[in-house]
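Comments concern the structure below.
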Amino acid sequence: MGAEDPAAAAAPTAAAATTSPAAAEDEAGNAGKRTGWRVKAAVALYVLALSAFWLGLHWDFRHKALSKAEEGLVGMCEERARMLQDQFAVSVNHVHALAILVATFNYEKQPPALDQDTFADYTARTSFERPLLSGVAYAQRVKHADREAFERQQGWIIRTMKHEPSPEQDEYAPVIYSQETISYIEGLDMMSGEEDRENILRSRETGKAVLTRPFRLMSNHLGVVLTFPVYLVDLPPDAKEEDRVAATAGYLGGAFDVESLVENLLRQLAGNQELVVNVYDVTNHSDPLVMYGSEVPLGAPSPSHICVLDFGDPFRKHHMICRYRNKPYVPWNAITTPSGLFVIFMLIGYIIYAAWARYDSVKEDFRKMEALKKRAEAADVAKSQFLATVSHEIRTPMNGVLGMLDMLLDTELKTTQRDFAQTAQVCGKALISLINEVLDRAKIEANKLELESVPFHLRSILDDVVSLFSSKSREKKIELAVYVSERVPEILLGDPGRFRQIITNLVGNSIKFTERGHIFVQVHLADHSNLATEAKVEPVVNGTNGHNDETTAISSSVSHNTLSGFEAADSRNSWENFKFLLSHETNQMPYGTDSDNVTLVVSVEDTGIGIPLHAQCRVFAPFMQADSSTSRNYGGTGIGLSISQCLVELMRGQINFVSRPQVGSTFTFTAVLKRCEKNAVSVSKSALLHPLPSSFKGLSSLLVDKRPVRATVTKYHLQRLGIACKSVATVELALGVLSGRYGTLLNSMHRKQPSLLLIESDSWGLKMDIPLHTRFLEMKQNGCESVFPQVILLASEESDKMKAKYAVDYVITKPLKASSLAACIFQALGINITQANKEKHHGSDSLYGLLLEKNILVVDDNKVNLRVAAGTLKKYGAKVKCVESGKDALELLQVPHEFDLCLMDIQMPEMDGFEATRHIRAIEAKAHEQADDADSSEADSMARKAKWHLPVLAMTADVIQATHEECTKHGMDGYVSKPFEEKQLFQAMKKFLGPSTSS
């Protein structure tokens with residue numbers, strides 16, 4: 001039956017293939033005809049729709065053009081109205097000012113300082129301020145009782161506008177001062193006319209300018225008369241009408257030429273030929289009065305626009321009417337645009353056809369793009385796997401190197417040998433950090449970089465950085481120093497690895513680009529530091545940053561008050577500011593403060609080549625160098641500063657720099673860390689693998705250093721060891737102190753003879769040609785103290801050469817760090833260093849107390865790693881069993897077993913660490929089920945379950961994949977990365993092997 005199924009399935013296909021070709025052609029022809037008719041109908045409808053669209057679009061463009069023309073008319077009309085009001089207001093202000101002048105000089109001065117000649121002369125000379133006024137005149141208010149005296153004083157009688165004697169009335173307003181152009185109105189009573197009388201009464205009651213209706217001036221132009229009251233005293237704005245009437249002294253008036261005003265305005269504006277402007281007095285709406293323009297009724301056909309004019313008289317109403325001189329034309333785009341769109345849409349049919357023809361090819365391109373996308377995603381995965389593999393392959397031998405160095409440091413070594421071994425160990429760690437930088441760049445690009453929050457010892461981190469670069473600084477003969485303010489807490493909560501990475505990047509760059517001078521690292525609290533994180537380029541005297549050519553070196557003959565005597569880029573790091581910070585320092589900052597945050601300001605100062613001005617804008621760009629020669633001459637990848645900037649921002653800080661070519665650079669960054677609780681501080685101190693000794697407390701020392709900044713750094717390291725220190729500038733002063741000549745210094749040292757005399761090599765004076773011991777012998781013969789201090793020289797060269805040259809007891813090779821300083825002092829005081837180290841490591845809270853007599857299984861396919869792990873664990877008293885595969889580990893971990901913990905490598909042949917861990921958990925689960933089947937109490941079952949759960953820690957060099965979540969998913973309890981450190985082991989094992997766990 002199975003063989004017949006394909007034939008049966010193929011039968012309908014064969015029948016279809018034998019269908020008549022003619023019938024198929026007829027069907028295709030009919031279908032073609034139907035399709036052709038439908039296409040013609042669609043084309044006809046399409047053309048009709050486009051025609052309707054053309055008409056609608058044409059009407060819309062025409063309507064918008066007319067609307068735009070009306071908007072332009074409104075804008076131009078409003079502009080003209082506004083300017084007309086402004087110019088009228090300026091003229092009114094000048095009349096107002098003239099009224100104030102009359103009130104001041106005619107009424108406030110006794111006798112009056114104003115007369116007709118003065119007024120006429122002044123108004124004639126200032127007529128340019130009032131070009132729109134044909135003349136101004138002042139009419140005095142005269143009551144009927146004062147008329148006779150007034151006429152006697154003036155020498156003429158008051159007359160009406162018709163030049164007749166004025167009849168009797170309550171008061172008069174005769175013109176006493178007038179401009180020469182209208183002198184013919186002198187003596188005329190302005191209140192003799194009905195309209196003039198109303199205007200005068202309104203002006204004095206309101207205190208404002210009042211206008212008359214338009215009339216023909218002598219120039220045959222239309223104009224209005226402006227009346228302004230003159231008061232005897234200054235009145236408040238809210239004065240009552242009766243107060244204003246009582247205070248009225250007279251009235252100042254002026255004739256405005258409205259036609260000239262409007263003509264001048266229109267000549268100043270563009271588009272004057274396009275508009276027709278009319279100005280009306282519409283106080284009486286039924287009978288508007290023309291002030292400018294032809295007699296055109298208000299109801300003229302549109303388009304037109306009416307603007308309300310405000311000339312300051314609330315009683316009078318004025319309008320400006322604007323209209324186009326010619327009818328607005330229909331724009332060409334109302335025809336061209338619809339026609340163009342019609343053509344465009346006619347082409348759409350062809351475009352659709354062409355697009356459909358391209359559809360198949362686009363589909364094929366899309367398929368290819370999908371394939372390329374998958375390849376790109378696969379390449380991205382391969383890149384991650386490659387980074388993980390490279391990381392693993394490099395870390396595996398580095399684990400052996402660092403492990404062997406660690407075991408070497410536990411043997412009997414001389415000071416120089418120990419320093420070499422420690423430097424090699426730090427360099428190996430630097431190589432690991434270089435690998436981490438590449439991985440960090442990948443994490444930053446993927447936005448997956450996170451910071452941990454653990455207690456750490458800030459000063460120990462800085463000591464490690466100094467150790468890392470001590471060899472290079474000695475080779476270049478440059479000063480490398482670190483200073484941490486006493487106000488900075490000893491233990492902080494944050495990410496020590498990332499903080500160390502920032503400092504290492506900045507100091508590494510400084511070492512790379514500095515050939516003379518110093519590198520100085522300072523750490524202060526932000527609330528007491530004046531070191532800002534704003535970019536700054538300090539100018540000096542010559543050219544750009546003090547140099548016409550950036551390649552010209554600055555002379556170092558002038559000594560500056562810095563760490564090395566060379567000039568620094570940032571003047572804010574001067575000795576004065578440094579001394580100011582020292583004056584504010586107190587003891588350890590208390591932990592009971594209001595804020596849990598600690599904001600640190602860290603600066604790294606060098607006297608290197610600086611950064612060229614053109615490159616300062618891209619300093620923090622990834623993979624960017626200052627110029628093409630930088631990478632060739634100095635090496636580097638250009639990602640250190642970029643990563644540092646990202647890390648600083650993750651710490652909620654900022655980073656920036658001050659740089660001067662051929663002077664140096666100062667990088668400054670802030671970091672917001674957390675304070676530790678008191679119990680966390682005690683735990684962190686006990687967790688230190690190399691704590692500072694406490695054997696030196698109570699000792700005193702004398703330091704000879706001519707540079708105050710460097711002396712402060714040396715005292716900082718001595719005080720960390722508990723050694724009191726006083727400093728002097730020269731050896732002669734030190735000998736004077738030792739001989740008792742300077743009692744003040746001895747009093748400050750509690751009259752104790754210093755146990756140590758430390759001398760900077762460049763402070764060794766020219767007079768010190770006789771060895772110090774000879775000078776001490778002379779002092780002893782002179783009756784001075786018989787106990788003399790050990791003489792220690794601080795130098796940047798080899799110890800043996802300097803010791804022979806200067807005939808001193810010991811030589812400490814700089815850069816200084818507390819551990820090397822302590823080792824030298826141990827030798828000077830005759831203390832066994834190895835024994836002291838052993839005593840330190842055997843504390844109850846140390847790794848030794850944690851691992852003592854514990855059974856630990858180590859699983860790794862690399863024999864060197866097994867040897868390193870076994871040696872490290874046995875050093876702390878653990879019983880170690882090593883196997884090379886996961887299968888061998890399963891044989892040893894069959895329940896019951898005696899192991900307390902298992903360190904499991906992940907990448908192993910045959911069976912990797914994850915698979916081995918799953919089998920271990922399966923074995924434990926099976927044993928637990930068998931125990932539950934037995935008749936036992938629930939308490940015994942829980943106890944067996946806890947006992948059978950073996951803590952398994954991943955031990956791997958793959959720091960990308962071996963995350964905590966990945967380990968937990970496969971049943972592991974945590975992980976330690978290779979190469980691992982003792983502190984890392986202590987933190988990882990404490991939760992499983994600590995006293996609380998054992999109980």
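Worth knowing before you read on, the calculation uses all heavy atoms, side chains too, and leaves out hydrogens, waters and symmetry mates. Every value quoted in this text rests on a predicted model; they were computed, and no experiment measured them.
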With side chains defined as the heavy atoms from C-beta onward, is the minimum distance between [X] and [Y] less than 4.5 Å?
| X | Y | value |
| --- | --- | --- |
| Q654 | F669 | no |
| D406 | Q425 | yes |
| K726 | S700 | no |
| Y483 | H524 | yes |
| L408 | M404 | no |
| T562 | T607 | no |
| V704 | L757 | yes |
| R516 | K476 | no |

Working to the nearest 0.5 angstrom, can you tell me the gap between [X] [atom1] and [Y] [atom2]?
| X | Y | atom1 | atom2 | value |
| --- | --- | --- | --- | --- |
| I502 | L647 | CD1 | CG | 5.0 Å |
| S755 | L702 | OG | CG | 11.5 Å |
| L600 | L525 | CG | CG | 6.5 Å |
| L462 | Q522 | CG | CD | 11.5 Å |
| R418 | T423 | CZ | OG1 | 12.0 Å |
| T730 | L733 | OG1 | CG | 3.5 Å |

[X] side chain vs [Y] backbone, donor-acceptor pair below 3.5 Å:
| X | Y | answer |
| --- | --- | --- |
| S603 | F667 | no |
| E475 | K472 | no |
| T514 | I511 | no |

If the plane angle is over 60° it's perpendicular, under 30° parallel, otherwise tilted; pick one for F520 and F578.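 If you compare the ring of F520 with that of F578, the planes turn out perpendicular.
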
Students often mix this up, so state it plainly: with edges at 30° and 60°, are the rings of F499 and F456 parallel, tilted or perpendicular? tilted

Going by side chain to side chain donor-acceptor pair (under 3.5 Å), name the residues that satisfy it together with S510, two or more places apart in sequence or in a different chain. D606

Picking from E605, R707, R710, what satisfies side chain to side chain donor-acceptor pair (under 3.5 Å) with H518? E605

Looking at every non-hydrogen atom in both residues, tell me the closest pair between [X] and [Y] and how far apart they are.
| X | Y | result |
| --- | --- | --- |
| V713 | V482 | CG1-O, 3.5 Å |
| P661 | P612 | CG-CA, 4.3 Å |
| L563 | I519 | CD2-O, 4.0 Å |
| S659 | Q616 | O-NE2, 3.5 Å |
| L758 | S701 | CD1-CB, 3.8 Å |
| R660 | A569 | CD-O, 3.4 Å |

Working note: R459 + E490, criterion salt bridge (Lys or Arg N to Asp or Glu O under 4.0 Å); need CA distance, chi angles, decisive distance, verdict. CA-CA 7 Å; R459 291 164 177 84; E490 186 176 358; over 6 Å; no

Side chain to side chain contact (heavy atoms under 4.5 Å, CB included) partner of L458, the single match among V523, I503, I491: V523

Per the side chain to side chain contact (heavy atoms under 4.5 Å, CB included) rule, which among L756, T813, I792 passes with C824?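 For C824, the side chain to side chain contact (heavy atoms under 4.5 Å, CB included) test succeeds with only one of L756, T813, I792, which is I792.
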
Derivation and outcome, side chain to side chain contact (heavy atoms under 4.5 Å, CB included), residues L480 and K814: CA-CA 8 Å; L480 174 59; K814 295 192 295 183; over 6 Å; no

Should D762 and K477 be marked as a salt bridge (Lys or Arg N to Asp or Glu O under 4.0 Å) after you check the CA-CA gap, both sets of side-chain angles, and the distance that decides it? CA-CA 12 Å; D762 61 355; K477 297 182 180 181; over 6 Å; no

Sole candidate of K817, R500, R720 that passes salt bridge (charged side-chain N to carboxylate O under 4.0 Å, His left out) when paired with D463: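 Result for salt bridge (charged side-chain N to carboxylate O under 4.0 Å, His left out) with D463: R720.
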
Dump the intermediate steps for side chain to side chain contact (heavy atoms under 4.5 Å, CB included) on V601 and T670, then the final yes or no. CA-CA 5 Å; V601 178; T670 58; 3.9 Å; yes

Could you walk me through whether L703 and L794 pass the side chain to side chain contact (heavy atoms under 4.5 Å, CB included) test, one step at a time? CA-CA 10 Å; L703 173 64; L794 306 178; 4.1 Å; yes

Is there a side-chain hydrogen bond (donor to acceptor under 3.5 Å, both in side chains) between N505 and S644 once you walk through the steps? CA-CA 7 Å; N505 284 339; S644 298; 3.1 Å; yes

Determine, step by step, whether T666 and V604 satisfy the side chain to side chain contact (heavy atoms under 4.5 Å, CB included) criterion, reporting the C-alpha distance in whole Å, the side-chain angles of both residues, the deciding distance to 0.1 Å, and the verdict. CA-CA 6 Å; T666 300; V604 180; over 6 Å; no

